[in-house]
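Contents: one structure, followed by commentary.
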Amino acid sequence: MKKKFVLIQTIYWFWITFSLPLEAWSWGFFAHKQINRYAITTLPPAMFAFYKPHLTFLTEKSINPDKRRYVVKGEASKHFIDMEHYQAGLLGRQKLLFEEAVEKYGARAVEAHGQLPWAILHVHKQLTEAFRQKNIAKILKKSADLGHYIADAHVPLHTTQNYNGQMTDQEGIHALWETRLPILFFDTYNLFVGQAVYIKDLFSHIWHIVLASHELVEEVLHLEKELSAQYPMVAKYSFEQDGQLLKKEYSVAFATIYHQALQGQVEARLQQSIKEVGNFWLTAWINAGSPNLNDFNADLPIQDAEDESVQESSPLEGIRECGGE
């Protein structure tokens, strides 16, 4: 009877190990918040004095784009780009205009395969205009959104069709790389990255970020596959209590050896995300004429403008004019 119970328990363990899904968010809510928070430290004094009092808003609202993915049509495609689909259109130039992509592939294909670089340029244009108008509410909302999309551009798995290892029998790797590892090892990271700098060519710059991320895809997948072959399945995963839920996670032991194999890759992409968010915020302010932020009413209560986002149609309409900003 005891052997039968052990057998049933073992079968049950394997069933839940193989069947339960792993959660996946872009950079994880935790990491997105930290990226916007640390990006404020990169700003020059004139901007830091304005942004610092709104640190909580910029931190908490950094995850709004992820929340909108499930309720706003067209939002999901702003978070990724399938470079395998677009590389033929780059033609060695290392960048692609939005209009060229739509003409070559069609609007539906562009939405299906992602438009992250163009979404960043579009939101940056909106932030620049908000600075010109001295519209504090819009400045903060667009700053928070822009930080999110720029952070997504630094995640290798946001630049590939095999975004969750689903094509290589590695499902769940998305959450492992961008959520599990940052949470487990965040206290070991150095995220003070120096001062933000002005970006002269935004169009080329964002494509450089995306291509740099895409170059890491093979390493991200290969190392996990290699380590998985050496690790027993029952040791690769664990179950952890999250409130009243029992969640399937990569085990701390497996996450640790994967993190070590990546040799600082996650920390480096976090650092670069923070630096680039600061760079894009600074560039928007300078392009708007470097308005005196002391003139802004920093005590103005900021309301969440989800209604504004919901009213937006497909990003294909909104981004159409910003291909070469």
Side-chain angles (χ1 to χ4, degrees), residues 23-29 32 35 61-90 95-127 141-142 144-167 174-175 177-179 202-203 205-207 209-214 217 273 276-277 280 305-325:
E23 296 267 351
W25 290 324
S26 56
W27 258 130
F29 284 4
H32 270 300
I35 289 167
K61 301 307 178 183
S62 67
I63 62 176
N64 274 8
D66 271 342
K67 292 180 177 180
R68 294 198 299 261
R69 291 177 68 170
Y70 306 103
V71 294
V72 179
K73 182 182 177 182
E75 174 63 39
S77 66
K78 297 180 182 181
H79 297 251
F80 70 94
I81 182 166
D82 296 334
M83 286 305 302
E84 299 91 346
H85 180 77
Y86 288 108
Q87 276 182 322
L90 293 175
K95 53 188 176 182
L96 183 65
L97 288 167
F98 180 75
E99 293 81 359
E100 292 173 333
V102 172
E103 183 178 354
K104 183 176 180 63
Y105 302 106
R108 286 187 178 181
V110 169
E111 187 153 7
H113 290 283
Q115 42 193 322
L116 176 58
W118 306 302
I120 290 172
L121 292 171
H122 179 55
V123 178
H124 188 270
K125 184 176 181 179
Q126 293 178 321
L127 176 60
K141 291 161 190 168
K142 296 305 177 182
D145 280 359
L146 184 59
H148 183 102
Y149 299 127
I150 291 169
D152 280 353
H154 286 82
V155 177
L157 294 171
H158 278 255
T159 69
T160 177
Q161 291 174 303
N162 193 21
Y163 60 90
N164 196 28
Q166 74 278 9
M167 298 177 177
H174 201 115
W177 192 97
E178 66 178 18
T179 301
L202 286 165
F203 183 50
H205 194 79
I206 190 54
W207 275 100
I209 292 171
V210 168
L211 289 168
S213 291
H214 190 62
V217 171
S273 295
E276 292 296 356
V277 171
F280 274 80
E306 290 305 305
D307 55 329
E308 173 186 316
S309 300
V310 170
Q311 290 171 6
E312 289 184 4
S313 56
S314 167
L316 285 165
E317 297 183 21
I319 302 172
R320 195 171 299 278
E321 300 177 355
C322 73
E325 182 185 356

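Each residue takes its place number in the sequence, starting with 1.
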Polar side-chain atom of [X] near backbone of [Y] as donor-acceptor pair, under 3.5 Å:
X	Y	result
S213	A153	yes
H148	I63	no
Q166	N164	yes
E84	Q161	yes
H79	H158	no
S77	G74	yes

Report the distance from atom [atom1] of [X] to atom [atom2] of [Y], rounding to the nearest 0.5 Å.
X	Y	atom1	atom2	result
L211	T159	CG	OG1	8.5 Å
L96	I81	CG	CD1	7.5 Å
Y149	H122	OH	NE2	9.0 Å
F29	K67	CZ	NZ	6.5 Å
I35	E276	CD1	CD	12.0 Å
I120	F280	CD1	CZ	6.0 Å

Do the charged groups of R68 and D145 touch, with an N to O distance under 4.0 Å?
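Result for this pair is yes, salt bridge flagged.
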Is any NZ, NE, NH1 or NH2 atom of the basic residue among E111 and R108 found under 4.0 Å from an Asp or Glu carboxylate oxygen of the other?
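No salt bridge links E111 with R108.
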Using side-chain heavy atoms (C-beta onward) and a distance below 4.5 Å, is V155 in contact with F80?
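Answer no - side chains too far apart.
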Side chain proximity check, D82 to Y163, heavy atoms < 4.5 angstrom:
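Sidechains of Y163 and D82: no contact.
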Which atom names give the shortest non-hydrogen contact between H154 and W177, and what distance separates them?
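Here H154 and W177 meet closest at O-CH2, 4.2 Å.
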For the residue pair A109 and Y86, what are the closest heavy atoms and their distance?
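Residues A109 and Y86, closest heavy atoms: O-OH, 4.2 Å.
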Between H113 and H85, what is the ring plane arrangement, given parallel below 30°, perpendicular above 60°, and tilted in between?
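The rings of H113 and H85 lie parallel, inter-plane angle below 30°.
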